[in-house]
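Residue numbers start from 1 in every chain, and the chains themselves are labelled A, B, ... in the order their sequence lines are given, proteins ahead of strands. Side chains included, hydrogens not; waters and symmetry mates left out as well; all remaining heavy atoms used.
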Amino acid sequence: MEYDFAASEKKWQEIWDKERLNEAVDFDKRPKFYGLIEFPYPSGSGLHVGHLRAFTSMEIIARKRRLEGYNVLFPIGFDAFGLPTENFAMQTGRHPRGVTDDNIAVFTRQLKAFGYSFDYSRTVDTTDKSYYKWTQWIFIRLFKRGLAYKSKAYVNYCEKCKVILANEESQGGVCDRCGSDVVQKEKDVWFLKIRDYAEKLLDGLDEVDFLPRIKLEQRNWIGRSEGAEVDFAVKGGVDPNAKLRVFTTRADTLYGVTFMVIAPEHPFIAENAAVIKNTNEIDVYRAETKRKNEFERTRVNKDKTGVKLLGVSAVNPLSGAEIPIFTADYVTLDYGTGAVMAVPAHDERDYEFAKKFGMPIIEVISGGDVSEAAYTDIDGGVLINSGILNGLSVKDALKKITAYLSENKIGEKKINYNMKDWAFNRQRYWGEPIPIIYCEKCGAVTVPEDELPLELPPLESYRQTENGESPLASVAEFVNCKCPQCGGAARRETDTMPQWAGSSWYFLRYIDPKNDKALADKKKLEYFGPVDWYNGGMEHVTRHLIYSRFWNRFLYDIGAVPFAEPYAKRTAQGLVLGENGVKMSKSLGNVVNPDSLIKEYGADVLRLYIMFMGDYESPVPWSNSGINGCKRFLDRVYNLPSVMTENDGLSDKHAALTHRLIKKTSGDIEAMKFNTAIAAMMAYINEIYYDNFITRGELKTLLLLLFPFAPHIAEEINEKIGGKIILAKCAYPVCDPSKLDDDEMELPVQINGRLKGVVKVAKDADINAVRSAAMKDAAINAALSNANIKKEIYVPKKIVNFIVL
RNA sequence: GCCGAAGUGGUGGAAUGGCAGACGCGACGGACUCAAAAUCCGUUACCCUUAAAAGUGUGCGGGUUCAAGUCCCGCCUUCGGCACCA
């Protein structure tokens, strides 16, 4: 009989739902397991097959954990603030609230159709005021701790989206959202001091089980470098005691400094305008720099440009040599001190600059040929021309000079990070209002916590104002308010938070989604937290994943959360590409629609196929024809009852086969090798079909192994064979290691390392038994009988190799 | 430029140093059918062959080992991340 997947899937979804099997229980005695997937942005186009790949993996793990006896928290929610919804609202004249609700409804319907075992009773929506109340609360706490500050700054700006972008949102110099070039614009910017957490974010990586490439990417992004700051006295400056401070990782090369370079924005230039003789020339250069965006400016291999400051110079604190000061755009104000000591002999950039501007090159480390290129190897040479450092290795010189600098108060040890503070405000409507009030007298004051949430007011237009302010700026009732401190007239901040705010703590809210006294109850956080296993995309490693670790560590520091690291384990899936092997996108017309696929094949086939397509962590092209293989497999499983025998245990013939299958499937799921787990089940039923029988016990075991992947059909077959308990309430099969091997096995036989045949021997046969078995094989006998066996290499259960002359 | 991952049949991909190509797709042959679809059975790396038996094969060149897709050295290519970070 044909399997009616549509009816069956609906039926079982209703049964699981009614029995509330997917809901996590607070403070339950079973061990807890918190499995998390990245909650989706509910876009108008519905689920993408990329979502399916990301969700199905954790779905399989969550279902397996329930069978294993865990109290599983596997929640779902929606990260719903953001530009696409706002743009859609603008185009259609609808309110983003309604658009968001519609999209969430579509997503929910699709997710349920796939039979995902999410705990829908804990669904969160970042745009719900009962949720963003706490997002605002966290901002206020950050502000009160001095971790949120406002300043004028040059920031990444997308002219198309008309919005500030964080560094994490403008990687490669293009806008994350629309792909257009990012420009530098001076704006009022709210920053979160994520840089203050750089060290904690690095240290935390040692405690967690993240994929190595994830840790590596985060470490690179944070970009820690150890070095020293060194003061250079200034000659001819306005202030005779003024010093220019540089950051360097190579203080050992101090004697090789032949000039200094400061960033074009460095305040030193303005402070000394009165004594610098070529201010005009410098102003022109600075104006040019400003026009360039960050990407152009910092592009490697770009020709070095710069201008020498006439009338001032610096003094090498060690050698006393007087050296010129340049300004050049290869030095930026936002890293280190915005000033660099140039050592052309041992730094490629300085070398290039020195060559172009005819500056002297002093070799201070032997081992290279500085007439040809900068010598930058730190393991090679020995210090020369370096006064007190002569004769030392680079490492020893670094140690000695660092100590010397602090003893003589001309410098100190210093650690720098590439990671910039997080630009946190957006001139947009559809985001959390920043709960800050500006008072003439009191300055920036936070909205009182008992007035939260600070709600988004209804709006007639979602367009920004003429001068690029947030749409909220045009709502007088919202803007004008009283200062909570002095009661005087004041105005509200009109910018909203970035898309990443709500997602930075949502995993905490799932634990206690309806709490109106706290972001989540401490006892519940202790019970369920931290997340045991978090799966998501590599694209979030230097965005969401670092932001949320930062917020969690902050909340830990203020005592709101009882664990420092939010995620014990993090894995990542590969992209799903279009059939043509390139990224799926609407414009390329290679997007796969889950709705039509589920109608044609049903949820189980799709769930299975999406996991079978290829290695989970690698990108894989979609293929419609490949789906049939999974459909055939499930059809074959569905027909197994026709060859079932009434034996509740395992047959002698299939015992080892079945235990091997349990081990393989279970282990592969834990290692996220879903493709081989499925392949093993396919191979198993191929054997079963060959033997043309399966016992009830064997079939039941197979169904339980299949259940996390294809739960509906597994339940249906279990019912068909008279299973009295639904699979969702059964226990996961356990492998008995003593039953993994058959008594006899096929042993490959090599002669001189070449395969000559396969012989059947007892699994614990000794070499004599193996040799005599091998001699019975005609081909092997022919090769061995007249030869002189020099050596026998026998690895039991693996291989035997006869070395002959 | 630096860091990381990966290169295996027509194709997606399997292989704790131990039978390379599991499992699937596709293709080919057969059964069933008036026919087709579906299903079932078989074949399917290359080369030489009627066949058997050899031989060659995991990006390229070396090496270690009884045995290398896997380990080591040197290259090439692709993908991902970072990038004038001082």
In whole angstroms, how far is the C1' atom of B:A86 from the CZ atom of A:Phe326?
17 Å
Enumerate, atom names and distances included, each donor-acceptor pair closer than 3.5 Å involving a side-chain atom of residues 571-579 of chain A, sequence neighbours excluded.
| from | atom 1 | to | atom 2 | distance (Å) |
| --- | --- | --- | --- | --- |
| A:Thr571 | OG1 | A:Trp533 | NE1 | 3.0 |
| A:Thr571 | OG1 | A:Asn535 | OD1 | 2.8 |
| A:Gln573 | OE1 | A:Asn535 | ND2 | 2.9 |
| A:Glu579 | OE1 | A:Asn624 | N | 3.3 |

Sequence neighbours excluded and cut-off under 3.5 Å, please list the side-chain donor-acceptor pairs for residues 751-766 of chain A, or say none.
| from | atom 1 | to | atom 2 | distance (Å) |
| --- | --- | --- | --- | --- |
| A:Asn752 | OD1 | A:Val804 | N | 2.9 |
| A:Asn752 | ND2 | A:Val804 | O | 3.4 |
| A:Asp766 | OD1 | A:Asn768 | N | 3.3 |
| A:Asp766 | OD1 | A:Ala769 | N | 2.9 |

Any side-chain donor-acceptor pair under 3.5 Å between A:Thr376 and A:Tyr351?
no
Intra- and inter-strand pairs of RNA chain B in dot-bracket (Watson-Crick or G-U wobble, both distances under 3.5 Å; | for another strand)
(((((((..(((.....[....)))((((((.......))))))((........))..(((((..]....))))))))))))....
Rounded to whole Å, please give me the gap between CH2 in A:Trp221 and C1' in B:C85.
12 Å
Apply side-chain hydrogen bond (donor to acceptor under 3.5 Å, both in side chains) to residues A:Glu38 and A:His544 and explain how you reach the verdict.
CA-CA 9 Å; A:Glu38 287 168 346; A:His544 157 68; 4.8 Å; no
Could you tell me the separation between the CG atom of A:Asp350 and the P atom of B:A86, rounded to a whole number of Å?
12 Å
What integer distance in Å separates A:Tyr330:OH from B:A83:P?
19 Å
Is the base of B:G9 syn or anti, if syn means a glycosidic angle within 90° of 0?
syn
Whole angstrom is fine here: how far is it from CG in A:Asp347 over to C1' in B:C85?
11 Å
Hey, which of these two, A:Glu348 or A:Asn752, hits RNA chain B nearer its 5' end, going by closest nucleotide?
A:Glu348
Note: A:Ile685 and A:Arg636 closest approach over all heavy atoms is CD1-CB, 3.6 Å
Does A:Lys673 reach a base, just sugar-phosphate, or nothing at all? Heavy atoms under 4.0 Å.
sugar-phosphate
Compute the centroid of each ring, for A:Phe612 and then for A:Phe633, and state whether the two points are separated by less than 6.0 Å.
no
Determine the sole option in A:Tyr197, A:Phe191, A:Tyr547 for which the ring-ring contact (aromatic ring centres under 6.0 Å, His included) test with A:Trp422 is passed.
A:Tyr547
Under the side chain to side chain contact (heavy atoms under 4.5 Å, CB included) test, residues paired with A:Glu600 that sit two or more places apart
none
May I ask you to evaluate whether A:Thr332 reaches the phosphate of B:C85, defined as a side-chain N or O under 4.0 Å from OP1 or OP2?
no
Could I get the full list of side chain to side chain contact (heavy atoms under 4.5 Å, CB included) partners for A:Ile799, not counting sequence neighbours?
A:Pro748, A:Gln750, A:Val795
Could you check which of B:C85, B:G13, B:C84 has an atom nearest any side-chain atom of A:Asn418?
B:C85
List in chain and number order the residues that pass side chain to side chain contact (heavy atoms under 4.5 Å, CB included) with A:Ala656, two or more places apart in sequence or in another chain; answer none if no residue qualifies.
A:Arg660, A:Asp742
Distance flag, aromatic centroids of A:Phe259 and A:Phe353, threshold under 6.0 Å:
yes
Any base atoms under 4.0 Å from A:Pro212, or only sugar-phosphate, or nothing? Heavy atoms, all strands.
nothing
Might you list the N or O atoms of the protein lying below 3.5 Å from N or O atoms in nucleotides 56-59 of chain B, with each pair's distance?
| from | atom 1 | to | atom 2 | distance (Å) |
| --- | --- | --- | --- | --- |
| B:U56 | OP2 | A:Arg754 | NH2 | 3.0 |

Quick one: list whatever passes salt bridge (charged side-chain N to carboxylate O under 4.0 Å, His left out) with A:Asp668, sequence neighbours left out.
A:Lys664
For A:Phe633 and B:U39, what is the distance between atoms CZ and P respectively, to the nearest whole Å?
15 Å
Which protein N or O atoms sit under 3.5 Å from an N or O of nucleotides 2-6 of chain B?
none

Residue pairs fulfilling ring-ring contact (aromatic ring centres under 6.0 Å, His included) with at least one residue in residues 663-689 of chain A, sequence neighbours excluded
A:Tyr616-A:Phe674
Hey, which sits more toward the 5' end of RNA chain B by its nearest nucleotide, A:Thr542 or A:Arg250?
A:Thr542
Can you tell me, in whole Å, how much space there is between the C1' of B:U56 and that of B:G21?
16 Å
Nucleotides 17-30 of chain B: protein proximity per nucleotide (B base, S sugar-phosphate only, - neither; heavy atom, under 4.0 Å)
-BB--BBSSS----
Sequence neighbours excluded, every pair satisfying side-chain hydrogen bond (donor to acceptor under 3.5 Å, both in side chains) that has a member inside residues 252-263 of chain A:
A:Arg250-A:Asp252
